[in-house]
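Just the heavy atoms: all of them, side chains too, but no hydrogens, waters or symmetry mates, feed the values below.
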2 protein chains.
Amino acid sequence: MHTSRSNCDCKWRRRKEARPAEIIDAALDLFVVKGFNATKLDDVARKAGVSKGTVYLYFESKESLFREVVKQIIVPEVEKAEQKAAEFVGSQSELLKLLMVNWWEVVGKTRLGGIPKLMVSEAANFPELAEFYLDKVVSRARNLVVESIKKGVESGEFKACDPVATARLFLAPVVFAVIWDKSLATYDKEDYDRDEYIRMHANNFFDGLLQTK
Amino acid sequence: MHTSRSNCDCKWRRRKEARPAEIIDAALDLFVVKGFNATKLDDVARKAGVSKGTVYLYFESKESLFREVVKQIIVPEVEKAEQKAAEFVGSQSELLKLLMVNWWEVVGKTRLGGIPKLMVSEAANFPELAEFYLDKVVSRARNLVVESIKKGVESGEFKACDPVATARLFLAPVVFAVIWDKSLATYDKEDYDRDEYIRMHANNFFDGLLQTK
DNA sequence: AATTACTAACTGACCAGTCAGTTATTTAAC
DNA sequence: GTTAAATAACTGACTGGTCAGTTAGTAATT
């Protein structure tokens, strides 16, 4: 993935299996930067090394391509995170840090971070997709955090608190940083140290949350 | 403002003075929900109670209307906030709480909250406007917080910390909540108490920041 | 009567989506 | 192993609808 041209440039090839993934890959690059409307299917096709007609062999419309980009790219990441949480052995604060850092590395630092930005931008224009995203991505990710905080409270690792509200406050600065980085940060003169930001947030957060002896 | 039709519906009137503000008002409503590309000038005109031609009497292009919406709507709010901060007498933690609650009431709870969302969505398509927004809104707002934290640290009210990084962490959950509310929250089944969220964030934050005796 | 705010029909560019035709590949026949 | 017919992946020119922007004309105001 992430190569827009085939390895043999002599002439075009018939590559039924590879096309959908390549088209989604190219579309992701354009959608996350320009948004849905400003992305031209001709550009997606060119970037994927095919003609526009080919895009329509594999996707029934621009909108369905958009849906597939969101689904195929981000859902697997949620599944990986769920698996990591399920396999994890250790304290809940360690698990939360792991999930946060992991999400930052995999989503925040890569072009995948464009997906949350994209969903925020386009939610009103694609309500169905917004609901899908909330259901299959947001609420599942949020749930991982809520469950971990609940366990922490039960075991006495964390202070008593509303786990749902606490999860929201835990996630907000991270999600915001990702969205910011993929939009306005590009033009911001005042740069900042992302890893330090994340680290600082984790420290502050657990300072408040951890049961002080 | 915020009325889309004139008070006398018998026939149209010539109202040179009122038109620009009415058009900006209508454009704001549509831009913040649909984004730049998906907003049709015919719809803006209809909402403002004029024809599309009239829009072009007062704005030279769709893009310049977009710029004016952002500039005219949000810059005055920053100025008001700066004034409040300048006039304020009291502790820095009280000032920070005041600024936050005020921003939440004026921007977060109203359709003005659509502007940050809009800027995040369209930054890549309008780099010049993004720079304007960062320069005239974001950095000024951020500065208020940074200066307040600096004063707090100097006076001993706050612990020693990096004021710029701390300001970022202070603002992130609030700005995120605004953006979220104007986008995905509309379709989210799990609702939450906004005021409680803000209050909780303030408490957590000052818990960590205030000098403990 | 002159001025000008305003209208609405118009234009032209752009682009999502289509389709008739082209070419790589597979199958089958010799 | 070579050639030919059949298949299906792929192309790119085309179409029709949409919409930003224009302008000739209308009507409120002075």
Where protein sits on nucleotides 16-21 of chain D, one letter per nucleotide: B base, S sugar-phosphate only, - none, heavy atoms under 4.0 Å: ---SBB
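Nucleic acid contact class of B:Y58 (heavy atoms, under 4.0 Å, all strands): sugar-phosphate only.
Checked for salt-bridge contact, B:R111 and B:D25 meet the test: a charged N lies under 4.0 Å from a carboxylate O. Using a cut-off of 4.0 Å between Lys/Arg side-chain N and Asp/Glu carboxylate O, A:R67 and A:E63 are scored as salt-bridged. A salt bridge links A:E147 with A:K150: the closest approach of a Lys/Arg side-chain nitrogen to an acidic carboxylate oxygen falls below 4.0 angstrom. Ion pairing between a basic and an acidic side chain is recognised when a charged N comes within 4.0 Å of a carboxylate O; B:R15 and B:E22 show such pairing.
Counting to the nearest Å, the C1' atom of C:dA16 and the CZ atom of A:F66 are 16 Å from each other. At whole-Å resolution of the value, CZ in A:R46 and C1' in D:dT11 are 15 Å apart. Between B:R13 atom CZ and C:dT7 atom P the separation is 13 Å, expressed in whole Å. In this structure, A:D43 atom CG and C:dC15 atom P are separated by 8 Å, rounded to whole Å.
The listed nucleotides are C:dC6, C:dT25, D:dC10; the one nearest the side chain of A:R15 is D:dC10. Of all nucleotides listed (D:dT29, C:dA5, D:dC10), D:dC10 comes nearest to the side chain of A:L57.
Taking the six-membered ring for Trp and thresholds of 30 and 60 degrees, B:F206 and B:F158 have nearly parallel ring planes, at less than 30 degrees apart.
Put simply, A:R19 has a side-chain N or O that comes within less than 4.0 Å of OP1 or OP2 on D:dC10. Residue A:S51 places none of its side-chain N or O atoms closer than 4.0 Å to OP1 or OP2 of D:dG12.
B:Y192 and A:D162 form no side-chain donor-acceptor contact under 3.5 Å, judged by distance and modelled atom types alone.
Side-chain atoms of B:R14 come within donor-acceptor range of the base of D:dA28, with a qualifying N/O pair under 3.5 Å.
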